[in-house]
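See below for the structure under consideration.
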There are 2 protein chains.
Amino acid sequence: MAQTDGRKGEIIQMASKLFRERGYSAVSMRDLAAGIGVKAASLYNHISSKQEILSSIIISIAERFTEGMNAIVSKKVSVKNKLEEMIDHHIQVMIDNPDGIACLNNDWVHLKEPELTYFLDMRNGYEENLRKILKEGIKSKEIKQVNVEVMLFSMLSTLRTLHLLHEKKKGIKTDNLKNEVKQILLTGIMN
Amino acid sequence: MAQTDGRKGEIIQMASKLFRERGYSAVSMRDLAAGIGVKAASLYNHISSKQEILSSIIISIAERFTEGMNAIVSKKVSVKNKLEEMIDHHIQVMIDNPDGIACLNNDWVHLKEPELTYFLDMRNGYEENLRKILKEGIKSKEIKQVNVEVMLFSMLSTLRTLHLLHEKKKGIKTDNLKNEVKQILLTGIMN
DNA sequence: GTCTATAAAATGATAGAC
DNA sequence: GTCTATCATTTTATAGAC
């Protein structure tokens, strides 16, 4: 779960915001400290390194994605239902922490072992589960006979970058966003 | 057009590759020089700053996107046709320089003025033109009555990150990729 | 728990020999 | 056009006073 209270939570929140804006490597510990209103050295009373902050941000979100997906794949419902639940869950995780999502997307390359492998395993597992759902849908004719990889990629591209839309259109209600994304990803745009 | 010959071209190519892998801020001039097989100081005989390299990479691609889109919007063809041509063009630009595209996507925030404004104007213009096509399609009933912004966003998300799919599936032929992306973006995945 | 001071390394860039 | 040497800054992180 996401740290939000206490100094450590404050550090992680501010780091998420700055990493989102400029990227992990372009944000210094001084920048981060200044954003909070303390000196850089003071940060080290709450965290042990810049790396640890990045890991905290990314891993907690990746675990939430993984748990949600694992709960959905094995359900005894239609493929359409599974895809809808997956999209809803993905969007909810984004809504709860858009800065962290942006950070996960852009800066996971800067994770160090063993967190890097742990993250990549979760990411691959997530993709593999979605691939399984799509293949099941093709088999049952719920889904068109198109290239699974392109289909998979297109859905994930939209979902993974949705924080950018969320940022630009702050007005849009969560339920509307979920419904509109579901409609477009599942049934396309052409009449 | 993309520089590819001469030392300067070599520098830009290697920079595109490294910026793609690690991001602009995480690649040092020493890293870049080592990738080419010279010392960092030697780079400055061909370029004036690290910033200039980033600008070279991003601006030339953004101009190509802009030119292509401008040529398409005003054509006297159906909306479906325009969208297909737009997708084909977008994918072609990506195929010709996948590293540069990745760099444009991830590192445009590190552009400095006046290039930053020039880039953002082109980017906004591109989006505005695509929005215009989609609205035209909604009016003519070629396109479904869904939220234009979500539709626009979903298409651009997929197109903008397509270098990631291209990297993972090197086997796929360009024409197949174009056709599959067109089918999925335009008609969706559900039967 | 925050501060000042500082260490040790890395960074973008320049000067000048060859 | 490339090199060595170097400058001025900035970086992450630690030590120790308060």
Side-chain angles (χ1 to χ4, degrees), chain A residues 3-59 103 106-116, chain B residues 3-59 99 103 106-116 119:
Chain A
Q3 287 252 23
T4 48
D5 49 312
R7 253 297 191 248
K8 185 164 179 177
E10 197 179 356
I11 291 169
I12 290 175
Q13 257 193 312
M14 179 58 67
S16 302
K17 177 172 173 267
L18 296 180
F19 291 171
R20 176 186 191 169
E21 287 169 5
R22 279 175 268 164
Y24 175 75
S25 304
V27 175
S28 73
M29 293 302 272
R30 281 170 184 76
D31 294 333
L32 177 51
I36 295 174
V38 296
K39 295 293 174 182
S42 307
L43 298 174
Y44 291 89
N45 252 288
H46 306 280
I47 51 93
S48 68
S49 69
K50 195 184 172 188
Q51 268 295 316
E52 192 207 278
I53 301 176
L54 186 68
S55 301
S56 284
I57 296 169
I58 295 180
I59 299 296
C103 184
N106 303 324
D107 287 322
W108 65 263
V109 270
H110 298 113
L111 287 174
K112 297 250 187 273
E113 299 293 359
E115 283 84 3
L116 179 58
Chain B
Q3 287 253 24
T4 47
D5 51 310
R7 254 298 191 244
K8 185 164 180 177
E10 197 179 356
I11 292 169
I12 290 174
Q13 258 191 310
M14 179 58 66
S16 302
K17 179 173 172 265
L18 296 180
F19 291 171
R20 176 186 190 170
E21 287 169 4
R22 277 175 271 163
Y24 175 75
S25 304
V27 175
S28 73
M29 293 302 274
R30 283 166 182 79
D31 294 333
L32 176 52
I36 294 173
V38 296
K39 295 292 173 181
S42 307
L43 298 174
Y44 291 88
N45 253 288
H46 306 279
I47 51 93
S48 69
S49 68
K50 195 184 173 190
Q51 267 294 316
E52 192 207 279
I53 301 175
L54 185 67
S55 300
S56 284
I57 296 169
I58 295 180
I59 299 296
D99 291 340
C103 184
N106 303 324
D107 287 321
W108 65 263
V109 270
H110 298 114
L111 288 173
K112 297 249 187 274
E113 299 293 1
E115 284 84 4
L116 179 57
F119 169 76

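Naming: A, B, ... by sequence-line order, numbering from 1 per chain.
The minimum heavy-atom distance between A/Leu43 and A/Met29, with the atom names listed, is CD1-O, 3.4 Å. Nearest heavy-atom pair across B/Leu32 and B/Ile11 is CD1-O, 3.8 Å. The minimum heavy-atom distance between B/Asp107 and B/Tyr24, with the atom names listed, is OD2-N, 2.9 Å.
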Within the sub-3.5 Å range, which N or O atoms of nucleotides 16-18 of chain C have a protein N or O partner, and how far apart are they?
none

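Distance, A/Lys50 NZ to C/dA10 P: 15 Å, rounded to whole Å. If you take CG of B/Leu54 and P of C/dG12, they are 12 Å apart, rounded to a whole angstrom. Counting to the nearest Å, the C1' atom of C/dG12 and the CG atom of B/Leu18 are 16 Å from each other.
Side chains of A/Val109 and B/Arg22 form no contact here, defined as non-hydrogen atoms less than 4.5 Å apart. The shortest distance between side-chain heavy atoms of B/Leu54 and B/Trp108 does not fall below 4.5 Å.
Remark: side-chain polar atoms of B/His110 are not paired, donor with acceptor, to backbone N or O of B/Gln51 under 3.5 angstrom. A donor-acceptor pair under 3.5 Å is absent between the side-chain atoms of B/Glu115 and the main chain of B/Leu111, judged by distance alone.
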Just distance, no hydrogens or angles: give the donor-acceptor pairs under 3.5 Å from side chains in residues 35-42 of chain A, sequence neighbours left out.
| from | atom 1 | to | atom 2 | distance (Å) |
| --- | --- | --- | --- | --- |
| A/Ser42 | OG | A/Lys39 | O | 3.4 |

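Comparing B/His46 and A/Ser49 by the nucleotide of DNA chain D that holds the closest heavy atom to each, the one mapping nearer the 5' end is B/His46.
Listed in residue order, the members of residues 22-44 of chain A having a heavy atom less than 4.0 Å from DNA chain C are A/Val38, A/Lys39, A/Ala41, A/Ser42.
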